[in-house]
Amino acid sequence: MMLRVSEPILGDEERSALLDVIDSGWITMGPRVEAFEAEFARTHAASQAVAVNSCTSGLHLSLVAFGIGPGDEVLVPSLTFVASANSILYTGATPVFVDIASLETPLMCIEDAAAKVTPRTRAVLLVHFAGYVLGRDLWTAFAREHNLILIEDAAHAAGARSAGTFGSAAIFSFYGNKNMTTAEGGMILVADDALAEQMRRLRAHGLTSTGYERMAVRSSSYDVPMLGFNYRMDELRAALGMVQLRSLFEWNEKRRQLTGTYHQILRAQQDTVVMPFALEYGGGTADSSYHILPVVLPPDAPRSAVMRRMLEDEIQTTIHYPPCHHLSYYERTQPGVLLPKTEEFGRRELTLPLYPGMETDDVARVCLSLQAAVRHAQHEA
Ligand SMILES: *Cc1c(COP(=O)(O)O)cnc(C)c1O
């Protein structure tokens, strides 16, 4: 009865894939991880993929591999999950928060990014918010013009057509609420072979060989020529990922259809909400994985009242995102950041249920509840 914001699809195939790993006697990084990397790369038309234990560690690993460190600045939207900004801080570099373009297109604003470039700026971390991959050529030109490394935070964008095709690296998340899941897990797509090799080393303490390789050749010696981390994926997760990957495009297609129904119904109720990505959605041809369904509430409809009312109809909603620069850690360490559009979006945004197990009737139910909740909240306010 309760409609959740997102729900993973897990079944018999995942169960038997996990049992196979257990029966195989080798559970840590080995041939299944390698096969999952190859398959994920093939699916996204990329040459190299490096599996890691989360998108967050993949972001950190990528920044380290590109030599980002203390004294450097990295441009990043504040409208993102805190992991994007945290990964920059882990390297000793400084995240420089950039505003969104508009409520309708809540992605990093290229003009604001240009205004924030300094001699210290080394990279730009582009976030494909809600799964929408926009401005590929513009950002490529931007990075070239300012001599910056372009990195894609593609946590939302697994299966989107051009995700991972233009950044020097793109990092995906397989957390439980993402478009495909391994419970925890992530993947880096990278074009450069030498860089991929460097990332594989950094992933496993900087060691010159993996445990599986040493087992295979019965050797126990290795060297550590660099400071690495333990960001390895394991065979259980890779086996889950292989199964999930087989359904990714079918699930994203279902998300696209459900998104279309949301747009149809909510466009007809024009005064209820602003629909981000309405232009990009168009006839449903957006370059997107349709990860979440964000709407922007009218300014006179308090969000907490709308959420409470919808919960009474057994509909869960969430917020993407409280702006990073307003989180108390960031407010304390980087006070005085002003991003008017991000702040307005952060105040008014509401995320509605969207996952492949939903049906068209569920979307209609959510829209009806949303409309009533907005009217009610406006009346009370
Ligand atoms: C989920 C998410 C991450 C972090 O992913 P994990 O796999 O949980 O580390 C990073 N960036 C964005 C935009 C996300 O949504």
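Order of appearance sets the numbers: ligands from 1, and atoms from 1 within every ligand. These values consider heavy atoms only, across backbone and side chains, with no hydrogens, waters or symmetry-generated copies.
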Legend entry - Side-chain (R201) to main-chain (G228) donor-acceptor, under 3.5 angstrom: no
Legend entry - Any donor-acceptor N/O pair, E152 side chain to G167 backbone, under 3.5 Å: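 Yes, E152 side chain to G167 backbone: donor-acceptor pair under 3.5 Å.
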Inset, instruction - With sequence neighbours excluded, tell me which residues meet side-chain contact (heavy atoms from CB on, under 4.5 Å) with E331. - result: H326
Within the protein, flag every N or O under 3.5 Å from an N or O of ligand 1, and note the pair and distance.
residue: ligand 1; atom: 5 (O); partner: S173; partner atom: OG; Å: 3.3
residue: ligand 1; atom: 7 (O); partner: C55; partner atom: N; Å: 2.9
residue: ligand 1; atom: 7 (O); partner: S173; partner atom: OG; Å: 2.7
residue: ligand 1; atom: 9 (O); partner: C55; partner atom: N; Å: 3.4
residue: ligand 1; atom: 9 (O); partner: T56; partner atom: N; Å: 2.9
residue: ligand 1; atom: 9 (O); partner: T56; partner atom: OG1; Å: 2.5
residue: ligand 1; atom: 11 (N); partner: D153; partner atom: OD1; Å: 3.3
residue: ligand 1; atom: 11 (N); partner: D153; partner atom: OD2; Å: 2.9
residue: ligand 1; atom: 15 (O); partner: H156; partner atom: NE2; Å: 2.8
residue: ligand 1; atom: 15 (O); partner: K178; partner atom: NZ; Å: 3.3
residue: ligand 1; atom: 15 (O); partner: Y321; partner atom: OH; Å: 3.1

Inset, instruction - Name the orientation class of the two ring planes belonging to F172 and H44 (parallel below 30°, tilted from 30 to 60°, perpendicular beyond 60°). - result: tilted
Inset, instruction - Verify whether the ring centers belonging to F36 and F174 lie closer than 6.0 Å. - result: yes
Inset, instruction - Kindly state whether the ring of W26 and the ring of Y212 have centres lying under 6.0 angstrom apart. - result: yes
